[in-house]
Amino acid sequence: MTDTGEPVFSNRTGRPPGRIITAVSRFVPGIRRVQQQIEPYAEHWEERNRAELARTGPLCVVLGDSMAQGVGASHPECGWAGQLIGRLPGWRLVNLSQYGARVEDVLDAQLPVAEGLRPDLLLCLIGSNDLMQPRHQDGVGNRYAALLDRLPRGTVIGNQPGTFAAALQVNGLIDDAGRHRGLVLAELRDPRTRHWRGKLASDRFHPNDRGYAAIAEVFSEALRRAGR
């Protein structure tokens, strides 16, 4: 805790970008441009989080990875979290996401801070970094089950648009948690978030402003279904 009683939290995992992406970024300008956003976007959210905690109003907390950071967008606020909070006038946003975050980072670092803040609304979108590399897929089902067990009733959680085995396993767990634990599904198997033509940043991996707008729309619709 800080002297003011605010939780100490960094929007950085402390892990450097992968060696392959770092090497490729030296030769591919589009990847390099997106990689150069990592530090300033994390700094943006750390500063905004401090400002949001200093004021009053209903509190929304976001758990996630680089997509909640807005990496790939023209500005951090143009990521899905920033675009979504713009649709919730009067709400404060504390964004605990971290570039490169995996499910274990949410469990070990982000969620404990969120639990201490006691938010009025909790949003979560995590799993891409676990699923896109085979070495991180091992045990992802167990890690995700542990996460879902800890998320409070009413949490809005996004699923994975992929159709490969590990993604289907994670989605099955999320669907079950929605039925039996009172979690609210943001359905990213929607065509808007499965077809990415014209919606990707220059690294061809992260969404651009349009792609993030589609994710924000899906979360907004989930909030409306939940009566938010």
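Sequential numbering from 1 along the given sequence is applied to the chain's residues.
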(message) Whether the side chain of N208 engages the backbone of A73 through a donor-acceptor N/O pair (distance < 3.5 Å, no angle test) should be reported.
(response) no
(request) For L96 and V62, run side-chain contact (heavy atoms from CB on, under 4.5 Å): C-alpha distance rounded to whole Å, both residues' side-chain angles, the deciding distance at 0.1 Å, then the answer. (result) CA-CA 6 Å; L96 301 178; V62 170; over 6 Å; no
(message) Going by side chain to side chain donor-acceptor pair (under 3.5 Å), Y99 matches just one of Q35, Q37, R15, R12. Which one?
(response) Q35
(message) With rounding to the nearest 0.5 angstrom, report the CG to CG distance, L125 to L188.
(response) 6.0 Å
(request) Kindly indicate whether the side chain of L151, heavy atoms from C-beta on, has any atom under 4.5 Å from the side chain of L111. (result) yes
(message) Taking the side chain as everything from C-beta on, heavy atoms only, tell me whether V170 gets closer than 4.5 Å to V140.
(response) yes
(request) Would you please name every residue forming a side chain to side chain contact (heavy atoms under 4.5 Å, CB included) with A226, sequence neighbours left out? (result) V184, R228
(message) Is there a side-chain contact between L131 and Q160 in this structure, where contact means two heavy atoms from C-beta onward sitting under 4.5 Å apart?
(response) yes
(message) Give me the atom names and distance for the closest heavy-atom approach of A68 to A81.
(response) O-CB, 3.8 Å
(request) Quick one: which residue pairs count as a salt bridge (Lys or Arg N to Asp or Glu O under 4.0 Å) with a foot in residues 67-77, not counting sequence neighbours? (result) R48-E77
(request) If a pair satisfies side chain to side chain donor-acceptor pair (under 3.5 Å) and one of its residues is in residues 60-76, list it, with sequence neighbours excluded. (result) S66-H206, Q69-S97, S74-D209
(message) Give me each pair satisfying salt bridge (Lys or Arg N to Asp or Glu O under 4.0 Å) with a member in residues 144-155, each pair once, sequence neighbours excluded.
(response) E115-R150
(request) Indicate yes or no: at least one non-hydrogen side-chain atom of L200 is less than 4.5 angstrom from one of F205. (result) no
(message) Can you tell me if R118 has over 12 outside heavy atoms packed within less than 6.0 Å of its CZ?
(response) no
(message) Rounded at 0.5 Å granularity, tell me how far CG in L185 sits from CG in N171.
(response) 8.5 Å
(message) For the CZ atom of F9 and the CG atom of N95, what is their distance to the nearest 0.5 Å?
(response) 8.5 Å
(request) To the nearest 0.5 angstrom, please state how far the CG atom of D175 sits from the CG atom of N159. (result) 6.5 Å
(request) Starting at NE2 of H136, measure out to OG of S128 and round the result to the nearest 0.5 Å. (result) 12.5 Å
(message) Within the 4.5 Å heavy-atom criterion, are V113 and Q110 side-chain neighbours or not?
(response) no
(request) Please collect all salt bridge (Lys or Arg N to Asp or Glu O under 4.0 Å) contacts where either partner lies in residues 127-147, sequence neighbours excluded, each pair once. (result) D130-R143
(request) Tell me, with the steps shown, if D105 and N129 meet side-chain contact (heavy atoms from CB on, under 4.5 Å). (result) CA-CA 11 Å; D105 296 300; N129 293 315; over 6 Å; no
(message) If we ignore hydrogens and angles and just use 3.5 Å, is the side chain of E52 paired with the main-chain N or O of L93 as donor and acceptor?
(response) yes
(request) Mind listing the closest non-hydrogen atom pair of W196 and G211 along with its distance? (result) CZ3-CA, 3.6 Å
(message) Taking the side chain as everything from C-beta on, heavy atoms only, tell me whether P207 gets closer than 4.5 Å to K199.
(response) no
(request) Kindly give the heavy-atom pair with the smallest separation between L123 and C60, and that separation in Å. (result) CD1-SG, 3.6 Å
(request) Kindly give the heavy-atom pair with the smallest separation between N11 and A42, and that separation in Å. (result) O-CB, 3.7 Å
(request) Treating Ile, Leu, Val, Met, Phe, Trp and Tyr as nodes and any side-chain heavy-atom pair under 4.5 angstrom as an edge, say whether I38 and W45 lie in one connected cluster. (result) no
(message) Does this structure show an ion pair linking R194 with E187, if we count only N-O contacts that are shorter than 4.0 Å?
(response) no
(message) Whether the side chain of E46 engages the backbone of S10 through a donor-acceptor N/O pair (distance < 3.5 Å, no angle test) should be reported.
(response) no
(request) Please report the closest heavy-atom contact between N49 and V94, naming both atoms and the distance. (result) OD1-CA, 3.4 Å
(message) I'd like to know if the side chain of Y144 and the backbone of I174 have a donor-acceptor N/O pair within less than 3.5 Å.
(response) no
(message) Walk me through whether V71 and V34 qualify under side-chain contact (heavy atoms from CB on, under 4.5 Å).
(response) CA-CA 7 Å; V71 172; V34 172; 3.5 Å; yes
(message) side-chain contact (heavy atoms from CB on, under 4.5 Å) for E39 and H44? Distances and angles first, verdict last.
(response) CA-CA 9 Å; E39 283 299 313; H44 170 89; over 6 Å; no
(request) State yes or no: do W80 and Y41 share one hydrophobic cluster built from I, L, V, M, F, W and Y residues joined by side-chain heavy-atom distances below 4.5 Å, directly or via other members? (result) no
(request) Establish whether L107 and L173 are linked, either directly or via other cluster members, by ILVMFWY side-chain heavy-atom contacts under 4.5 Å. (result) yes
(message) Test of understanding: with side chain to side chain contact (heavy atoms under 4.5 Å, CB included), list the residues that count as partners of A186, not counting sequence neighbours.
(response) V156, V218, F219, A222
(message) For the CG atom of L183 and the CG atom of D176, what is their distance to the nearest 0.5 Å?
(response) 10.0 Å
(request) Side-chain contact test, heavy atoms from C-beta onward, threshold under 4.5 Å: evaluate it for L63 versus T155 and give yes or no. (result) no
(message) Please find the pair of heavy atoms, one from G30 and one from S202, that lie closest to each other, and give the distance.
(response) O-OG, 2.8 Å
(message) Check whether R192 reaches the backbone of A214 with its side chain - one donor and one acceptor, N or O, closer than 3.5 Å.
(response) no
(message) For the backbone of L148 and the side chain of R181, can you confirm whether one donor and one acceptor N or O come within less than 3.5 Å of each other?
(response) yes
(request) Treating Ile, Leu, Val, Met, Phe, Trp and Tyr as nodes and any side-chain heavy-atom pair under 4.5 angstrom as an edge, say whether M132 and L147 lie in one connected cluster. (result) no
(request) May I ask whether L122 and V103 are part of the same hydrophobic cluster, defined by side-chain heavy atoms of I, L, V, M, F, W, Y residues being less than 4.5 angstrom apart, directly or through others? (result) yes
